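The structure under discussion appears below in the form of structure tokens.
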Amino acid sequence: MTSPVKTTCPYCGVGCGVIATPQADGSVAIAGDPDHPANFGRLCSKGSALGETISLEGRQLFPMIDGRRVGWNEALDAAAARLKSVIDEHGPDAMALYGSGQLLTEDYYVANKLMKGFIGTANIDTNSRLCMASSVAGHKRAFGTDTVPGCYEDLELADLIVLVGSNLAWCHPVLYQRILAAREKRPSMRIVVIDPRRTNAAETADLHLPIATDGDVALFSGLFAHMHNAGAFASNYIATHTSGFDDALDAAEGWTIARTAEATGLDAAEVAAFFDMFTATEKTVTVFSQGVNQSTSGTDKVNAIVNCHLATGRIGRPGMGPFSVTGQPNAMGGREVGGLANMLAAHMDFDKAELVARFWNAARIATTPGLKAVDLFKAIAAGHIKAVWVMATNPVVSLPDADAARSALRACDTVIVSDMFATTDTARQAHIFLPAAGWGEKNGTVTNSERTISRQRPFLALPGEARPDWWIICEIAKRLGFDGFDFSSPAEIFAEYAELTGFENNGSRDLDISGLAGRDYETLSPVQWPIPAAGGRRRRFFAGGGFYTPDGKARFVPLTPPPPRTSEPGQLLLNTGRVRDHWHTMTRTGRTPRLSAHYAEPFAEIHPEDAEHFAIRRTQLVRLENRFGSAVVRALVTERQQKGSVFVPMHWTGETAPTGRVNALIPPHIDPASGQPGLKMGRASMSPVDVALYGFAVSREKPLLAGADYWALAPADRGWRTELAFFQRPGDVLSLARSMFGLPENVTLTTSIDARSGRISIARFDLDRLTFAFYLSPDPVLVSRQWAAGQLSETHADPLQRTRILSGRPGSDRPDPGPLVCSCFSVGANQIADAVTSEGCVTVDAVGAALGAGTNCGSCRTEIRRIIEAHRLAAAQ
Ligand SMILES: Nc1nc2c(c(=O)[nH]1)N[C@H]1C(S)=C(S)[C@@H](COP(=O)(O)OP(=O)(O)OC[C@H]3O[C@@H](n4cnc5c(=O)[nH]c(N)nc54)[C@H](O)[C@@H]3O)O[C@H]1N2
Ligand SMILES: Nc1nc2c(c(=O)[nH]1)N[C@H]1C(S)=C(S)[C@@H](COP(=O)(O)OP(=O)(O)OC[C@H]3O[C@@H](n4cnc5c(=O)[nH]c(N)nc54)[C@H](O)[C@@H]3O)O[C@H]1N2
Ligand code: SF4
Ligand SMILES: [Mo]
């Protein structure tokens with residue numbers, strides 16, 4: 001065992017501190033860092049499973065050109081030569097870099113410096129455009145700069161927390177657990193959730209407003225008008241520290257409770273209850289996320305929320321404020337260094353080009369904004385951009401109109417991709433592939449949602465020829481002939497960046513970390529900005545005004561709510577987002593059996609009445625379709641979904657379930673102020689899929705799936721689990737099984753066929769070990785997935801056990817754990833139900849004491865509560 005290393009989780013913007021301890025057997029023990037101010041030792045299911053994502057399986061460990069192995073010199077020379085010829089021939093704007101909030105600050109800083117300072121184009125944008133751009137634009141409109149005014153502590157100090165378009169329970173789980181713990185201590189604290197779906201966050205809330213899609217501007221306009229009428233406004237704050245109040249009030253006029261209720265699809269009583277709560281509670285924090293940002297009215301939603309906080313003076317004081325929670329681990333860091341095409345660097349706009357050019361000694365500074373993500377990919381498709389470098393993001397999956405994004409890359413002359421995996425849908429389009437170092441190998445800093453800068457420290461050696469992104473960028477910059485990239489470590493880059501934030505600042509810019517310039521980088525502990533060299537640190541912004549607008553006053557924004565979103569005849573609104581245990585396009589979480597078990601395939605949440613209307617039965621496959629594309633996913637019929645709308649997660653890809661790429665259906669419509677696409681704003685028709693044969697398989701080897709019309713592949717302990725469907729009945733199922741699992745024709749298979757139901761089971765044992773079990777049925781296959789996947793780890797010398805595998809049912813001596821609920825302790829729904837009915841565990845804590853479930857990260861506690869509710873009656877009998 002080597003000594004523990006303090007680092008930061010590479011997933012969400014909570015930015016939890018992690019202690020990683022490499023073990024003698026090559027594994028790494030992961031624990032929450034008790035000293036980190038974001039999590040004080042807690043981790044969620046994804047963070048806890050980090051040790052399982054660091055294996056080198058599937059990693060690309062050397063550079064490639066057109067699929068051919070090359071050395072670094074050749075790869076870097078080729079990349080630089082191709083970029084240079086495009087720039088020389090067509091000008092700097094003919095090239096683009098598309099980056100990511102998963103880059104470290106140091107990577108991001110040099111990428112931005114190279115593009116905007118030396119190549120001379122602002123065509124560098126990032127997946128943060130799909131994520132935080134509307135918050136950035138809203139902050140800049142109101143505050144004159146992109147500042148998050150508050151901090152995490154406010155969430156514990158607040159008396160009211162309003163979550164708007166945020167499933168915090170699943171997407172920022174540690175923050176959510178902090179809120180729940182605070183409410184437990186102080187039961188008067190209230191949580192309101194504003195989300196069209198009854199999410200996990202909504203289930204633990206005191207009030208859930210199932211708002212109609214994009215009703216948010218109307219709701220907060222109504223709140224603005226209501227608070228004005230109630231005399232709740234802070235007239236002193238408004239007069240001293242803001243401008244534009246009268247226009248905002250005029251715009252909100254007439255937004256009565258009745259009108260608001262109508263525009264938001266909510267009950268007038270619910271609206272009134274929310275308005276009264278908000279009006280009466282000074283210590284209110286409004287947390288918002290993608291239900292706000294990912295909309296063509298996203299920036300207006302942000303300002304509708306901020307208007308209410310400004311007008312009540314509830315900003316920058318303990319326990320109050322608007323709070324945009326960031327998605328990615330370094331979404332904030334990217335915004336800081338200038339990773340977005342419309343910002344220059346260090347929170348400076350293009351009007352500061354001369355200053356930045358002087359600081360950088362820049363050869364050719366960009367003076368105007370570049371293309372934003374959606375337009376950037378359109379420019380690639382149109383041939384205006386001839387070379388693109390994609391770094392730490394998977395746009396073929398995550399951009400709207402995803403098939404068009406793939407075609408754009410296919411048509412592009414030069415595609416360079418930096419990733420850890422060469423098999424992603426995007427990396428498959430690369431001409432030049434550059435193998436990047438990943439979490440645990442990389443070294444640098446990230447900034448979380450509350451402006452805390454933490455170190456990501458390496459605890460593993462660089463594998464193969466993988467290199468950190470900052471090194472790759474600097475090597476290419478040098479080959480392009482630019483000075484200013486002679487960095488020998490991330491520490492040197494950070495020091496330069498810190499100096500830039502303080503350069504000719506004198507309090508004119510919020511972002512100032514010049515106080516860190518001389519600080520020892522290796523031992524840097526988590527620290528919240530601003531940290532000016534001259535002193536003047538503070539936790540929060542704007543309690544006493546001091547905005548970064550020309551007159552120092554915050555700006556109210558007058559708003560007109562968009563017309564209510566309706567679906568066209570025969571279509572449903574298409575909402576998208578995340579599940580608890582997966583991270584985006586699953587390149588990392590998709591490698592762990594534990595995290596893959598909670599949801600193992602793509603699905604659509606459908607309201608029971610819509611299911612009936614569209615003739616869709618539970619668990620069958622459905623096709624969603626519109627003029628952009630189509631997707632085939634599993635039907636998950638649930639009342640948590642609003643009628644008239646379906647929800648499909650964004651996670652599945654060509655690698656894991658090729659028909660499940662929901663972004664093929666999302667229109668590339670953008671918010672006019674921020675350029676952020678409305679990723680929650682699709683529309684699609686829905687129909688049942690005519691399936692001839694459904695299949696489910698567990699197997700030791702990865703199956704070959706070429707013949708299946710639908711498949712979803714997930715790892716299991718010691719193998720794989722696969723959902724399948726065939727739209728035409730395959731001729732010979734035994735040959736199909738042999739070809740799927742790579743067995744010659746003469747290998748004997750164990751089979752069982754039920755002529756009446758048409759169900760077929762096929763298995764193969766190698767000595768006493770199961771090689772595969774394959775279940776086929778004209779109806780969705782009824783086999784306990786967790787149990788079947790578990791059979792890959794068992795021995796089966798006993799013929800009775802082999803029979804059970806064929807029948808797809810555990811014996812009474814081996815209870816079926818049921819679908820996974822708690823991924824930290826691998827506890828299934830049946831085990832929890834059993835604890836309720838036979839052991840009388842009728843509280844979540846009692847279930848926890850009996851099974852461990854829900855006692856680590858806590859994210860599954862609402863699911864446990866739901867199971868208890870469902871089985872309570874049986875327990876009482
Ligand atoms: N488990 C997990 N956690 C993650 C991530 C992950 O991939 N997996 N990704 C991280 C990243 S990058 C991000 S950006 C965050 C995102 O975190 P969240 O924003 O919390 O997650 P989403 O599921 O994208 O969307 C949140 C909710 O917005 C709702 N919504 C849709 N339309 C509307 C609307 O018009 N109004 C309102 N009020 N709500 C609406 C959806 O129903 C959904 O429940 O999560 C981060 N954390
Ligand atoms: N329909 C729909 N679409 C969405 C969203 C939605 O809610 N709905 N959400 C949007 C949002 S908020 C986001 S943030 C995006 C996320 O979407 P993406 O950024 O496309 O998703 P990831 O899977 O996180 O992609 C990160 C890639 O970088 C690689 N990687 C990880 N670390 C490193 C590193 O250090 N260096 C390098 N070079 N590579 C690395 C990973 O292997 C992976 O391939 O999706 C957006 N798309
Ligand atoms: S909440 Fe979970 S995913 Fe987010 S930083 Fe913490 S451990 Fe990582
Ligand atoms: Mo995001």
Side-chain angles (χ1 to χ4, degrees), residues 56 58-87 94-100 102-103 107 111 114-115 119 123-127 373 376-381 383-399 402-438 463-473 475-477 479-480 584-588 590 653-656 658 661 663:
L56 293 181
R59 280 285 291 275
Q60 175 63 36
L61 296 175
F62 50 80
M64 291 190 296
I65 299 179
D66 297 325
R68 172 175 59 87
R69 176 172 188 162
V70 295
W72 267 111
N73 264 331
E74 189 179 342
L76 294 166
D77 286 348
R82 289 210 204 180
L83 295 180
K84 188 164 180 340
S85 86
V86 166
I87 297 162
M95 105 148 257
L97 194 151
Y98 185 59
S100 160
Q102 291 165 75
L103 291 169
D107 304 326
L114 169 62
M115 292 297 287
I119 290 177
N123 282 345
I124 164 171
D125 211 40
T126 123
N127 62 2
L376 194 146
F377 273 77
K378 283 186 182 160
I380 297 172
H384 303 318
I385 287 177
K386 296 179 189 308
V388 60
W389 186 357
V390 179
M391 209 179 284
T393 177
N394 196 356
V396 168
V397 184
S398 55
L399 277 176
D403 288 347
R406 179 162 54 197
S407 309
L409 291 184
R410 275 193 186 139
C412 186
D413 293 341
T414 298
V415 177
I416 306 172
V417 173
S418 302
D419 205 296
M420 288 107 71
F421 303 99
T423 48
T424 71
D425 292 2
T426 300
R428 284 178 196 277
Q429 307 304 325
H431 303 112
I432 302 181
F433 181 89
L434 305 173
E465 294 172 28
R467 292 289 176 272
D469 292 297
W470 69 266
W471 181 88
I472 301 172
I473 297 160
E475 286 301 309
I476 289 186
R479 278 169 174 78
L480 287 168
H584 296 165
T585 72
M586 299 204 286
T587 63
R588 287 168 290 165
T653 69
E655 286 186 275
T656 48
R661 293 167 55 246
N663 284 30

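Along the sequence shown, residues carry numbers from 1. Both backbone and side-chain heavy atoms feed into the values below; hydrogens, waters and symmetry mates do not. Small disclaimer: the values here were computed from a predicted structure and weren't measured.
In plain terms, the two heavy atoms of Trp471 and Leu76 that are nearest each other are CH2-CD1, 3.9 Å. Contact between Pro435 and Phe62 at its shortest, heavy atoms only, is CG-C, 3.5 Å. Here the closest non-hydrogen pair linking Val70 and Ala75 is CG2-CB, 3.8 Å. Of all non-hydrogen atoms in Arg59 and Pro463, the two that sit nearest each other are NH2-CG, 3.6 Å. The two atoms that bring Asn127 and Ser100 nearest to each other are OD1-CA, 3.2 Å, heavy atoms only. Nearest heavy-atom pair, Ile472 versus Ala436, reported as atom, atom and distance to 0.1 Å: CD1-CA, 4.5 Å.
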Side chain to side chain contact (heavy atoms under 4.5 Å, CB included) evaluation trace for Arg406 with Leu409: CA-CA 5 Å; Arg406 179 162 54 197; Leu409 291 184; 6.0 Å; no
Could you walk me through whether Trp470 and Leu103 satisfy the side chain to side chain contact (heavy atoms under 4.5 Å, CB included) test, starting with their C-alpha distance in whole Å, then the side-chain angles of each, then the deciding distance to 0.1 Å, before giving a yes or no? CA-CA 9 Å; Trp470 69 266; Leu103 291 169; over 6 Å; no
What's the verdict on side chain to side chain contact (heavy atoms under 4.5 Å, CB included) for Met586 and Glu655, showing C-alpha distance, side-chain angles and the deciding distance? CA-CA 9 Å; Met586 299 204 286; Glu655 286 186 275; over 6 Å; no
Side chain to side chain contact (heavy atoms under 4.5 Å, CB included) evaluation trace for Arg69 with Leu61: CA-CA 10 Å; Arg69 176 172 188 162; Leu61 296 175; over 6 Å; no
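The shortest distance between side-chain heavy atoms of Glu465 and Pro63 falls below 4.5 Å. Within the 4.5 Å cutoff, no side-chain heavy atoms of Asp77 are placed close to those of Glu74. Within the 4.5 Å cutoff, the side chain of His431 has heavy atoms near those of the Asp66 side chain.
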Quiz: residues 80-87 side-chain donor-acceptor pairs under 3.5 angstrom, not counting sequence neighbours:
residue: Lys84; atom: NZ; partner: Asp88; partner atom: OD2; Å: 2.8
residue: Ser85; atom: OG; partner: Arg82; partner atom: O; Å: 3.3

Cut-off 3.5 Å, no hydrogens considered: what does the side-chain donor-acceptor table look like for residues 384-397, sequence neighbours left out?
residue: Lys386; atom: NZ; partner: Gly383; partner atom: O; Å: 2.6
residue: Trp389; atom: NE1; partner: Ser418; partner atom: OG; Å: 2.9
residue: Asn394; atom: OD1; partner: Thr426; partner atom: N; Å: 3.2
residue: Asn394; atom: OD1; partner: Thr426; partner atom: OG1; Å: 2.6
residue: Asn394; atom: ND2; partner: Thr585; partner atom: OG1; Å: 3.0

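With respect to Ile416, the side chain to side chain contact (heavy atoms under 4.5 Å, CB included) criterion is satisfied by exactly one of Ile476, Ile432, Leu97, Ile65: Ile432.
For the atom pair CZ of Phe377 and OG of Ser407, the computed distance is 11.5 Å after rounding to the nearest 0.5 Å. One finds the CG atom of Asp469 at 9.5 Å from the CE atom of Met420 (value rounded to the nearest 0.5 Å). Atom-to-atom distance recorded for Leu376:CG and Tyr98:OH is 8.5 Å, nearest 0.5 angstrom. One distance of note links CG of Asp107 with CD of Gln102; it measures 12.0 Å at 0.5 Å rounding. Note that OG1 of Thr424 is 5.0 Å distant from CG of Asp419, once rounded to the nearest 0.5 Å.
Side-chain atoms of Arg661 never come within 3.5 Å of backbone atoms of Thr653 as a donor-acceptor pair (strictly under, hydrogens ignored). In this structure, Asn123 contributes its side chain and Ala96 its backbone to no donor-acceptor pair below 3.5 Å.
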